[in-house]
Amino acid sequence: MARAPSSIVIFSRQRPCRTCRNFSTQIRKLTVERKEIEFISEGIKPNQNHELPQSVNQHFTDVTKEVAKIMRTKSNWEQTLMLDFPSFNFTDPQFFWQLLKQQNNAFLSLRFFHWLHLHSDFVPDQVSCSVLFDSLLEAKACNAAKYFLQVSSFTPEQGSLERYICCLCDGGMVNDALDVFVKFKDIGICPSIATWNSALLGCLVVQRTDLVWKLYHDMLESRVVADIETVEYLIRAFCYDGKFMKGYQLLRQVLEEGLVPRNIAFNALISGFCKLRNFVRVSELLHTMIAKNCAPDIYTYQEVINGLCKNKMLLNALRIFNDLKNRGYSPDRVMYTTMIHGLCEMGWIRNARKLWFEMINKGILPNEYTYNSLIHGTFKNGEFRKARKLYDDMRDRGYGETTASYNMMITHLCLCGRTNEGFELFKEMAQKGIIRDVISYNAVINGFCKKGMMVEGKNLLNELLAHGIQPSSLSYIPLIKKLCELGDMKEAKQLWNDMQNKGLKPMACDYDHFISALCVRDHVMDGMDWLVVMLKNKLRPKKKTFETLIKCVSHCGRLDVMSRIVYYIKMGICNSLVWKFDMKKMGWRNKRPESFFKVYTRRRTRSVGTKKEELAKASKRKSLFKVYTRRRTKSTGTKKEELAEGSRGKSLFEA
DNA sequence: ATAGGGTTAG
């Protein structure tokens, strides 16, 4: 696959006109074309060796008018034409010209051509073809243009072909556009930079960055000089691929050359660095924008506020939001919705309501997104009745007929124990023809499981699979969790295997369902086996998992198992980066791992034993622990060796 | 561009 090279050639055309996307200004007007046609037609005399008499031309004009009228008004125009003009020769190229000029409608002309072609293999002459083709392009009818090109097999001139590429890209038919590029390559002609850019944008819009890079590779091969618009698309493509740093480096590179891309490139980068939680860079980008006379727009701030909210930095988001208002920017509906959603997500429902009424007072009406955000927040706040009322309000306004709305409502109904109502909505979706996706199914499956309705839950999972919907791990986990609770470990394991056979990776907390179910039934060793599986899958166990195990271990006094847990902590996890990060957060970096051990023993013994017992046990454990620390330090520490030692450790414990 | 599904901390 083609990849973007690290550096690119820049042509210093700061703001290129968008040749290919603005048909009304860039493409010659159809009226102009018509004049040209009339002019040319005097010189070309298709099928005739002499001038047509004026009377014949007049006759054509009359007939074309009549034909146009019939085509516009009658659905069975083909028959009507045959009946009304039984002896007329429609295949006369002169007549087709006349029709093109008269009808002023590319689609009607195309239909007429299609009819003629079906009956007589009629193909208009080159000039008519290009007029028709160009007007189809002007009408952005890429499918029609493609069809016409195939059937008439005429060769458009280079300009038309380039506009054809733009038209295809506008209509999302990027693969066809790429085929035209191949044609250009074959005849050794290089399209203009505007056409390349239009194609890059087309690929970007349909989220095919692989094609962006392929095109860019071809561009470099054709020695086309990229311009700032190209750079914008490449930055956006990098961001789409999640390679924000590469996009950023490209931006730096062009800024150094004195070129500034449009806001949208900055916005994409800002959105990316928000995702990475790199707000220092976000701030730097904002400053760069201002310095380069590229004032951040409402979309820019939208990205910033969205990023801050998603990272739970609500106060910062609110500050910027209020600053904007104070500085005279008026937040739009999207901005209000984003802010309300952020507040609801964090449970700040009162502030969310305040903004809700503020926007209504400003004359901005909430839309479906706003309603959904506030309903979500109201549910989270446990106010079922209020949420229900808001939902009815939304329905009264004609919103709520989308999958996302239904899913939100079903999820919350199921969460607050109203699974039946949720299921009713789920059925309503099917009746109304609203698509039910994996989230809809998962929500109801979860609801059924919560109520212990396992048969219904399993049926729904099977229905989901039967409908060919790609399940997610959340389609299985509620069932597995409940089965574990009920003690049906066999069935739970069966579903667990089904899930993994579908390539779905469970998360670390999903193992807890098995571990706690086993611990409840005093099967500590089996619980340990699950821990081992987790570690083998390079999953970082949650603190809760250890707590569950340790509680159980202490309950049945299996000190041997306890030391094995500590062994795993030392052997398996301490070396992974993730764990180190967690250790750092827990404040025991540079401390000896015993402290971790102590935390758990202390917590446990408080609830169980007396202080004397505690001390005695602790010292015993400590000595056990020391054995293993010593053993571990002996090993030189390559991963393989550690794994080998891990398995030896296991057998030691079980002996 | 904005809405729908699970994690963690004292």
Side-chain angles (χ1 to χ4, degrees), chain A residues 205 236 239 263-264 267-268 270-271 274 297-307 309-310 312 317 321 331-345 352 355 359 364 366-380 390-391 394 399-415 422 425-426 429 434-447 449 471-478 480-481 504-513 539-547 578-579 581-588 599 603:
Chain A
V205 166
R236 286 169 65 187
C239 288
N263 274 16
I264 192 159
N267 294 353
I270 285 175
S271 162
C274 281
D297 52 24
I298 195 126
Y299 304 111
T300 317
Y301 286 115
Q302 158 85 35
E303 295 291 358
V304 175
I305 288 177
N306 197 12
C309 284
K310 290 256 156 74
K312 303 186 178 178
F321 185 76
D332 60 355
R333 196 191 334 243
V334 175
M335 189 88 91
Y336 268 107
T337 302
T338 309
M339 203 59 239
I340 288 173
H341 177 244
L343 290 164
C344 286
E345 199 56 42
L355 285 187
M359 73 183 268
I364 306 171
N367 65 5
E368 186 162 0
Y369 291 70
T370 329
Y371 266 109
N372 278 336
S373 297
L374 196 69
I375 294 171
H376 172 68
T378 312
F379 264 120
K380 273 188 83 163
L390 265 173
Y391 181 66
M394 175 172 86
Y399 294 131
E401 303 283 302
T402 59
T403 305
S405 288
Y406 269 98
N407 286 352
M408 185 270 300
M409 205 57 196
I410 293 173
T411 304
H412 283 292
L413 286 172
C414 287
L415 279 180
L425 281 184
F426 182 77
M429 287 176 88
I434 294 165
I435 292 170
R436 300 192 289 202
D437 62 7
V438 62
I439 299 176
S440 327
Y441 277 92
N442 292 357
V444 186
I445 291 175
N446 189 33
C449 290
S472 70
S473 62
L474 271 188
S475 316
Y476 291 86
I477 295 300
I480 292 173
K481 185 184 171 200
L504 300 169
K505 293 258 177 294
M507 299 201 325
C509 57
D510 296 334
Y511 287 80
D512 283 352
H513 306 132
L539 281 172
R540 178 168 57 98
K542 299 280 159 192
K543 195 181 155 196
K544 206 183 131 219
T545 315
F546 280 108
E547 271 173 359
V578 199
W579 191 256
F581 176 64
D582 209 27
M583 277 163 46
K584 199 173 155 191
K585 272 208 294 196
M586 289 164 79
W588 48 286
V599 171
R603 188 167 293 170

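Just the heavy atoms: all of them, side chains too, but no hydrogens, waters or symmetry mates, feed the values below. In the text below, chain A, chain B and the rest are named by the order of the sequence lines, each starting its count at 1.
- Among the nucleotides dG5(B), dT2(B), dA1(B), the one closest to any side-chain atom of Asn306(A) is dT2(B).
- In this structure, Asn263(A) CG and Ile270(A) CD1 are separated by 8.5 Å, a value rounded to the nearest 0.5 Å.
- Set against dA3(B), dG5(B), dA1(B), the side chain of Gln302(A) has dA1(B) as its closest nucleotide.
- The residue among His513(A) and Thr370(A) whose nearest nucleotide of DNA chain B lies closer to the 5′ end is Thr370(A).
- With distances taken from any side-chain atom of Ile298(A) to the nucleotides dG5(B), dA1(B), dA3(B), the minimum falls on dA1(B).
- Across all strands, Ser473(A) comes closer than 4.0 Å to base atoms (heavy-atom distances).
- Distance check: Ile305(A) CD1 to Met339(A) CE gives 6.5 Å after rounding to the nearest 0.5 Å.
- Across dA3(B), dT7(B), dG5(B), the shortest atom-to-atom separation from the side chain of Ala404(A) is found for dA3(B).
- Counting only heavy atoms from C-beta outward, the side chains of Thr403(A) and Met429(A) approach each other to under 4.5 Å.
- If you check dT2(B), dA3(B), dA1(B) against the side chain of His341(A), the one that comes closest is dA3(B).
- Look at OH on Tyr301(A): it is 20 Å from P on dA1(B), rounded to the nearest Å.
- Across dA3(B), dT7(B), dT2(B), the shortest atom-to-atom separation from the side chain of Ser373(A) is found for dA3(B).
- Within the 4.0 angstrom heavy-atom criterion, only backbone atoms of the sugar-phosphate kind lie near Lys310(A); the bases stay farther away.
- The Cys509(A) side chain lies nearest to dT7(B) when the options are dT7(B), dT2(B), dA1(B).
- Rounded to an integer number of Å, the gap from CD1 of Ile270(A) to P of dA1(B) is 16 Å.
- Looking at the side chain of Ser405(A), the nearest of the listed nucleotides dA3(B), dA1(B), dT2(B) is dA3(B).
- The closest side-chain heavy-atom distance from Pro471(A) to Leu504(A) is below 4.5 Å.
- Straight-line distance from the NZ atom of Lys481(A) to the C1' atom of dG5(B): 14 Å, rounded to whole Å.
- Going from atom CG of Leu355(A) over to atom C1' of dT2(B) covers 14 Å, rounded to whole Å.
- Computed from coordinates, the Asp512(A) CG to dT8(B) C1' distance equals 12 Å when rounded to whole Å.
- Taking the six-membered ring wherever Trp is involved, the centroid distance between the rings of Phe321(A) and Tyr301(A) does not fall below 6.0 Å.
- Taking CZ from Arg333(A) and OG1 from Thr370(A), the interatomic distance works out to 6.5 Å, rounded to the nearest 0.5 Å.
- For Asn372(A), counting side-chain heavy atoms from C-beta on, the closest listed nucleotide (dA3(B), dT2(B), dG5(B)) is dA3(B).
- When the P atom of dA1(B) is taken as reference, atom CG of Asn367(A) falls 14 Å away, rounded to whole Å.
- The nearest whole Å value for the distance from the NE2 atom in His376(A) to the P atom in dA3(B) is 11 Å.
- Spacing between atom CD of Glu368(A) and atom P of dA3(B) amounts to 13 Å, rounded to whole angstrom units.
- Within the nucleic acid shown, Asn267(A) has no heavy atom closer than 4.0 Å to any nucleic acid atom.
- The side chain of Lys312(A) contributes no N or O atom lying less than 4.0 Å from OP1 or OP2 of dA9(B).
- Side-chain proximity of Tyr369(A) to the nucleotides dT2(B), dA1(B), dT7(B) is greatest for dT2(B).
- Ser440(A) comes within contact range of no nucleotide atom at all, as no heavy-atom separation falls under 4.0 Å.
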